[in-house]
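Values reported hereafter were calculated over all heavy atoms of this structure, with side chains retained and with hydrogens, waters and symmetry mates removed. Here is how names work: the chains are called A, B, and so on, in the same order as the sequence lines, proteins then strands, and each is numbered from 1.
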Protein chains: 2
Amino acid sequence: MRTIHINSAIQSYDIVIGEKLRHQIKDYLPKNYSSILVITDENVVYLYGNDLLQALKGNKVFLEVVPPGETSKSIQVYYQLLTKALEYSLDRQSLIIAFGGGVVGDLAGFVAATYMRGVDYIQVPTTILAHDSSVGGKVAINHEKGKNLIGSFYPPVQVLYDTETIQTLSLQDVRSGYAELLKEAMLANENFFTQLLSISLEQIAMKDLITALETGINIKATIVEQDEREAGIRKYLNLGHTLGHAIETRLGYGKISHGEAVAIGILFAMYVSQQELQVKLPLKQVKEWLTENNYPIALSFEQIDDLVEFMMHDKKVINSEIQMVLLKKIGEPVLHNINKQQIKKYLHSFIMSEVKG
Amino acid sequence: MRTIHINSAIQSYDIVIGEKLRHQIKDYLPKNYSSILVITDENVVYLYGNDLLQALKGNKVFLEVVPPGETSKSIQVYYQLLTKALEYSLDRQSLIIAFGGGVVGDLAGFVAATYMRGVDYIQVPTTILAHDSSVGGKVAINHEKGKNLIGSFYPPVQVLYDTETIQTLSLQDVRSGYAELLKEAMLANENFFTQLLSISLEQIAMKDLITALETGINIKATIVEQDEREAGIRKYLNLGHTLGHAIETRLGYGKISHGEAVAIGILFAMYVSQQELQVKLPLKQVKEWLTENNYPIALSFEQIDDLVEFMMHDKKVINSEIQMVLLKKIGEPVLHNINKQQIKKYLHSFIMSEVKG
Ligand SMILES: NC(=O)c1ccc[n+]([C@@H]2O[C@H](COP(=O)([O-])OP(=O)(O)OC[C@H]3O[C@@H](n4cnc5c(N)ncnc54)[C@H](O)[C@@H]3O)[C@@H](O)[C@H]2O)c1
Ligand SMILES: NC(=O)c1ccc[n+]([C@@H]2O[C@H](COP(=O)([O-])OP(=O)(O)OC[C@H]3O[C@@H](n4cnc5c(N)ncnc54)[C@H](O)[C@@H]3O)[C@@H](O)[C@H]2O)c1
Ligand SMILES: [Zn+2]
Ligand SMILES: [Zn+2]
């Protein structure tokens with residue numbers, strides 16, 4: 001069991017990482033709550049719902065289960081959860097537990113942020129990807145025009161990462177979460193990057209995965225502590241996300257996993273970096289690794305116009321220019337503004353280079 | 001022109017009060033914004049829309065007009081405004097201006113709090129009531145089950161109170177805003193209280209009203225500075241609001257003005273104070289003043305059950321008890337927990353005493 005402490009101007013908290021923590025949640029409640037609402041999804045409740053409810057015995061507990069996947073991060077599901085919270089008479093001294101992947105974490109976190117102007121919540125992540133989403137206090141739901149456009153900065157009171165739960169993840173979800181690890185490595189740690197690419201996902205050992213997760217959490221924690229509200233260096237964590245989010249929105253929420261979309265975005269960011277910054281990056285190596293590990297990386301020419309429109313509505317747009325995270329080299333990110341026409345050109349030549357292989 | 005500075009842990013800001021400030025808004029923008037979205041309602045846009053738009057010339061300005069009244073503080077209107085903000089390509093460097101009464105302030109403030117995880121906004125209040133709602137950073141929309149149940153603490157970057165605008169208010173809206181002044185006086189300042197009751201609303205002089213407004217703002221500012229997140233003394237500002245909100249919800253949003261509902265709530269709080277705390281308050285005097293000034297103060301027995309249910313869903317409920325603000329005397333509020341049965345009894349005898357006159 002390891003603990004990483006996060007200092008936050010809004011609310012400091014611990015990230016506790018260890019096996020079987022879901023059984024011990026009672027020991028980690030920071031105080032007595034008048035009632036507890038567990039928000040989870042259908043897959044997670046089936047696998048681990050009983051464990052958590054058992055562990056919470058003695059409290060006044062309510063359970064809300066949403067359909068799995070990105071489509072639950074909608075205004076409709078958000079409002080339904082608020083209605084349920086009211087029907088259960090949750091008061092301001094109540095706790096919400098976000099039990100699941102990044103979807104449940106972002107959604108339940110936004111409910112907690114806005115229910116009666118804010119109640120406490122705990123993140124209990126159950127996916128690899130959620131090592132990223134559960135840390136840093138960003139919560140959000142999607143708008144039909146784009147990902148995560150409705151949300152807040154609202155830190156949890158605790159993150160409890162039970163590493164045992166990730167054993168049941170599908171290979172697609174392993175792939176998805178691993179892409180965010182790759183992102184963190186590329187921002188901050190070349191050794192970590194090399195190590196991640198030396199592994200094949202189908203053969204990865206649990207032990208190695210958990211070590212990688214902790215390294216990833218440490219990188220993320222260091223960044224968000226320095227820049228909680230994303231005024232500066234936290235923006236680097238958006239590496240691959242401008243195009244990534246546009247792909248998710250273009251294909252329809254849930255059609256491609258978040259990490260898979262981000263992986264394409266990372267490749268594109270590397271490609272643009274090489275052009276704009278005149279640098280040489282291990283683009284070929286990353287691309288080969290992604291292909292070997294079955295990431296879907298094909299984009300088509302007819303998607304370009306839509307993708308650019310979605311990119312123009314992203315949170316990273318400033319004065320009609322897209323603020324992209326580029327890399328000078330592995331471990332050295334930089335912000336760079338690019339206009340609409342230029343992005344379009346790059347997307348075109350990027351897809352062209354993909355087609356040519 | 002007077003300026004009151006508010007220290008806030010989240011974001012400090014100035015309240016500027018003066019005549020014709022709407023024409024000078026450009027001088028008060030704290031920085032350059034990539035674009036500005038003015039959110040207002042149909043009445044305010046008709047009266048003062050041109051003035052504000054003229055004054056903002058030179059900026060990239062968009063205008064969204066919502067129907068007047070409480071029904072606009074809904075999840076539907078909220079989502080529509082987010083959609084519009086996206087269609088106008090508002091980025092994170094944009095500004096939202098809440099131009100209107102408390103409805104527009106609460107609604108536009110919540111849009112600002114959650115659009116792309118938060119953008120700057122300015123409150124430009126145009127009602128007496130909004131002297132209260134524009135200060136302190138509470139923003140919210142309503143849920144069908146209760147008032148202000150969805151929201152955040154999210155301070156504006158500036159409050160610009162153009163006292164000229166209140167000249168066009170209807171008598172009902174003067175009545176509504178005056179009730180919050182009465183509330184502030186009862187919490188903090190007996191002289192102010194006496195003074196407020198010495199005036200008849202139909203004859204009130206602008207000069208006196210503006211002086212009262214400033215006193216009210218000072219009281220509110222002092223309280224929220226000490227307790228921004230309502231962990232302690234800020235709760236006093238809820239005097240009259242537990243029953244007030246229940247009445248608004250029970251009658252249907254907009255059927256009674258917020259301040260008129262609060263006025264009934266204040267009377268009830270005085271009544272309960274006398275019973276629970278064994279004190280003597282100027283209940284009769286307040287009631288007479290309210291009656292003379294045409295506040296609607298009749299409740300009926302058959303409303304009691306519904307009112308109690310709505311009160312049980314209020315933000316002020318803790319562990320199934322209603323936390324009411326009572327008065328030991330004028331200027332000395334106190335928090336007091338009362339259970340459901342007891343509240344029901346008090347409502348019953350309160351209405352009975354009303355009926356008997
Ligand atoms: N807030 C942030 O800082 C942040 C950062 C990165 C990503 N995100 C968001 O996170 C979301 C993606 O998260 P995700 O990939 O975890 O998605 P997810 O929550 O949808 O989980 C993926 C799938 O795995 C299933 N699942 C969850 N735990 C499982 C387990 N232990 N065993 C088996 N199946 C399990 C889920 O039911 C779902 O079908 C996106 O919406 C993205 O925008 C947020
Ligand atoms: N956030 C807070 O701290 C706080 C505090 C108190 C009240 N509130 C909220 O404030 C709301 C009530 O505010 P309100 O009474 O200002 O309501 P409002 O905004 O609906 O305004 C009342 C009416 O006056 C009209 N109007 C506005 N300015 C005018 C002007 N200058 N001349 C003529 N007509 C004008 C409006 O169009 C509306 O019809 C409620 O929703 C209440 O919950 C919030
Ligand atoms: Zn991500
Ligand atoms: Zn009020």
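- With sequence neighbours excluded, the residues that form a side chain to side chain contact (heavy atoms under 4.5 Å, CB included) with Q303(A) are R250(A), L251(A), L299(A), S300(A), L307(A).
- Listed options Y115(B), Y154(B), Y78(B), F153(B) were ranked by heavy-atom pairs under 4.5 angstrom with chain A; first place goes to F153(B).
- To the nearest 0.5 Å, atoms CG (L82(A)) and CG (L149(B)) are separated by 9.0 Å.
- Checking side-chain atoms of D91(A) against main-chain N and O of N319(B) turns up a donor-acceptor pair under 3.5 Å.
- Rounding to the nearest 0.5 Å gives a distance of 4.5 Å between CD1 of I318(A) and CD of Q93(B).
- Under the side chain to side chain contact (heavy atoms under 4.5 Å, CB included) criterion, T83(B) pairs with H143(A), K145(A), Y79(B), E87(B), sequence neighbours left out.
- By the salt bridge (Lys or Arg N to Asp or Glu O under 4.0 Å) test, D227(B) is found to be paired with no residue, residues two or more places apart in sequence or in another chain being considered.
- Using a 4.5 Å cut-off between heavy atoms, K316(A) does not touch chain B at all.
- Rounding to the nearest 0.5 Å gives a distance of 7.0 Å between OG of S89(B) and CE of M312(A).
- Proximity to chain A is limited to the side chain of I75(B), based on heavy atoms less than 4.5 angstrom apart.
- Between chain B and the options N148(A), V139(A), L90(A), heavy-atom pairs under 4.5 Å are most frequent for V139(A).
- With rounding to the nearest 0.5 Å, the separation of CD1 in I10(A) from CD1 in I10(B) is 8.0 Å.
- By the 4.0 Å N-to-carboxylate-O rule, E230(B) lies too far from R117(A) to be salt-bridged with it.
- Within the model, atoms CE of M116(A) and CG of D314(B) stand 7.0 Å from one another, a figure rounded to the nearest 0.5 Å.
- Taking 4.5 Å as the heavy-atom cut-off, the residues of residues 101-114 of chain B that approach chain A are F110(B), A113(B), T114(B), ordered by number.
- Open room surrounds NZ on K345(B); 12 or fewer heavy atoms of other groups in view lie less than 6.0 Å from it.
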